Amino acid sequence: MVENSVEKTPNVELNWARIGEKWRKRWAEDKIFETDPESHKKKYFLTVAYPYPNSPQHVGHGRTYTLADVHARYKRMNNYNVLFPMGFHYTGTPIVSMSQRIKSNDLELIETFQQIYKIPSEIISSFKEPKRIASYFHEEIRQGMNEMGYSIDWRREFTTIDNGYSKFISWQFRNLKKNGLIVQGSHPVGWCPQDQNPVSQHDTVGDIEPELIEYVLVKFKFEEQYVIPTATLRPETIFGVTNLWINPDIKYVIAQVNKEKWIITKEAARKLEFLNASVSIISEIDGSDLIGKSVYDETRRQLVPMFPASFVDPNNGTGIVMSVPAHSPYDYQALVDLKKDDNILKQFAITVNIVPIKIIQTDAFPSNDSSPAESIVTRYSIRDQNDPKLEEATNKLYSEEFHNGVLLPNIDQIGNLSVIKARETIREKIINEEIGTTMYELKNVVKCRCGTPCVVKLLTNQWFINYGDDNWKKLAYELIENMEILPEEIRQEFTNVIDWLKERACARKSGLGTKLPWDSEWIIESLADSVIYMAYYLLSRHISNNLDLQKNEDMVLAVNLNDSFFDYVLLGKNDRDLVAKDSKISIQLLEKIRNEFLYFYPVDSRHSGRDLVPNHLAFFIFNHAAIFPRDKWPKQIVVNGSVLMEGKKMSKSLGNIIPLRKAIDEYGADSVRLTMLASAEILQDSDFSIDLVKGIKSKLFEIHRTINTNMNIFTTSRNSLDYDDDLEDVWISSRLQHVILETTSAIEKFRIREALHNILYLMDNDLQWYEKRKLAKNKSISNNYLKEFFETRIKLLSPFAPYFCEEIWEIMGNHSYISLAQWPEINQSRISLISEDNERLIQGMIFDIHKITKVTKIVPKRILIYTASTIKSKLYRKLLDRIQSQATSNFGEIMKEFVNDNEVKDLVKLNPDLVKKMINDILSESVEVRERRMKIDSFDEAIPLQDGISLLVNEIENDHLEVNIYSEDNNDKYDPKQKSKFARPYKPAIYIE
Ligand SMILES: [Zn+2]
């Protein structure tokens, strides 16, 4: 059958904007990405973390969505009924705090909006209203996603402040509470003093998750009436304290803390207030006034002196540090430095004769070693307390003592205990006997989005999700063990998070979102209402938040939704007829919704950036394990790294932020997509560079041009095109099968960079060689092989560059969507093992001859090529066998064995050097090549060499060139210089006249 020819000649120049618009429109008109259940088809349900519409998208935002879209498109071409939906996350503070920054006339933010994103001033001023921000950026982001060509089913879009969504979240929370997973109590949280709200990753500048640490405060008595508390993570080392460190250059305060008078820094006093201590500052005291005096240690009932140290940070703990020189390299080194500093010693009139007190024993430090800190400081050749290696030494010693340390037998109460047990025992004793207390602090520096530095607050009556629940953790482990994680190397990170997650604040007093169903003062926070919403995509298109649609029988009204509806649809509980009646919908509609959920759930793949592993993705695992039965647990998580711009982090101060829509406008969506994906494997940070995006754009032009110049193959029927079986035809066809195989397996494992490298670059190399070979034979490449090559290439490329490929597909004369085409399948009968060596032999021959003529400057008139003798081939085969099966390549061993082998012993004895060379020949080949050659029974090198003569003649540019090929075995061969004896299998000998 003759295929329809293309009516119009294609544009030589591609207009990206036009192509994008054209295909977007067609896809939408034909609804090809709207997915409903189809019982005869396998489903694939994939989701990406939905965006916050509080700012526009830049290219950095596009990577995760683009990866998910590639995944969706790939699965669609593999016959799956793919559902890829999208929603918008309005919950919490991000949108509200953005609007507050506009209200307070935040110039930095306003400039970013104006200069980078070109948002008109009147729109920016409307942003004082949070919902205006949300709706503006919601539209902006949706447009961007559309322009990127994402194959999203937009019918299912929702926001997290929709009434229906709130009903769903209320159901989720009542469910968790019923299972005892929501608790109320006092717990420390990261906190913004300005907003009076807990903060988590989504609320902070730079999306930093606040990390909390809990110190033990050891109280030392000072002058009868005062307490000097020191903060430590190693309370057991109290038995090794020799002195305290005070910063002489800072002012401390005397503060009434509950019923005691404490000497601490101002910063510490403020922190204690947030931890619900009653704090009032009485007076100030200079650090230098304390130095030289002593405090009383109640644990050991003895006095301890206070020494000066400038390294003491007023922001850290209480601003006073206990010194344990036997076990802390910093303390040890500080004492050494202090002893040498005569000025300081004189200034404070102090003498320092401290002997470190060793209390912990490990195998790494022998028992006669009086101070492990001293030993390690010596071992690391530490100069002084500013030596950067001190940090490493400290980590090393702390870790060694934590894991392997045992307290010395003579230590009161904790002698012979492991460090881990001793720490717990002493902590309890200190707290019970009120020798000390505890204090929370942020481990990292975190700023709220409003600009205020965050603190730790001890919240009372706060609602928590109890991720510390042991049974729940067990379920979470079970879920993750049965889940595929890509790339697999990140699995440990997930396990670690599940390990350490504890209670987590789940509600706030302000922000957007759903009220806690049983306590309406609280609003459920953003990392708690975004954990099982993937299920809501299957309901959303059937739920109307709009009362006007009361008459619409295809929809359930959000106001009529109740827990029994969700219990029925999502968990299969309750009586169908009663649920339908309660929700005021028909039984048919209820069944339809239930079946849609049953068909699409569980989530087959969840995509997200790596930064969401410790929170969102972990909560996603926990909450699915808590709410859904095992057959509805998600099956896969795919995690990707972030995007750099020209090797640097994107930031306003570097001026290197490119808005996504601007990039699409300038380079076309396909080039932008390819650039995000081609520069790095999935977990690495990818690097978006202008050179790369330009390079990729011109690569696409080149592919277009090549296809254009060979248009006749698409306008001619398959029957009238050549289907030769020359060596190069068999080869190109076999190569194509390799590319399909390798690209497919790369995509399956999300080695996207590798897949793109195959499609964009390696395929070009193959094509160029094929063209050369054909041209040398004066044959046209306009044949069926080329047609298959192009068709396959465009199909392989289409998940990555969908607009470009749709356009080319149409230019090729197709009337269907490539987005819906069948992924290329491997044709086993086209795989020719021998073809690879055929072409390599020709390439090698031409390369060698060029090399010889270059070195000898001979203009060749006659070229003689000698292939190895049969006996050499036999030997080669035996060596290959031996190396591959026994995995030995030892020359001596092989020789010993082969001198007794009747078939080859004569040759081996005569020419051991040849054996050595042939072993090296084999070892220099990849395992893949060796395995291939094992499968080939016999290989006549003369056939490809003969076939390659035409190309050789072309390359040498001498039409009168005479080329003769002889086997070494041929007795009539012309061999004036006895060259044939140098021939080895796959390495013919050459002589040029
Ligand atoms: Zn704030």
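All values derive from a computational prediction rather than experimental measurement. Both ligands and their constituent atoms are indexed starting at 1 by order of listing.
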Legend entry - Cation-pi check, Arg234 onto Tyr398 ring (under 6.0 Å, within 45° of axis):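 Yes; both conditions hold, so Arg234 lies above the ring face of Tyr398.
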Legend entry - Residue and atom names of protein N/O/S atoms that fall under 2.8 Å from the Zn ion (ligand 1): Cys192 SG, Asp195 OD2, Cys448 SG, Cys450 SG
Legend entry - Validation row: Ile480, Ile485 side chains within 4.5 angstrom (heavy atoms):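 The answer is yes, as the side chains (C-beta and beyond) meet within the 4.5 Å cut-off.
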Taking distance alone, no hydrogens or angles, what donor-acceptor pairs closer than 3.5 Å link side-chain atoms of residues 496-503 to residues at least two apart or in another chain?
from	atom 1	to	atom 2	distance (Å)
Asn496	OD1	Gln492	NE2	3.0
Asp499	OD1	Tyr477	OH	2.2

Legend entry - Those residues that, when tested against Asp106, pass salt bridge (charged side-chain N to carboxylate O under 4.0 Å, His left out) (two or more places apart): Arg101
Inset, instruction - Please list, chain by chain and in numerical order, all residues satisfying salt bridge (charged side-chain N to carboxylate O under 4.0 Å, His left out) with Arg508, sequence neighbours excluded. - result: Asp203, Glu525
Inset, instruction - Would you tell me whether His616 and Arg606 have side-chain atoms, one donor and one acceptor, within less than 3.5 Å of each other? - result: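 There is such a pair (donor and acceptor under 3.5 Å, judged by atom type) between the side chains of His616 and Arg606.
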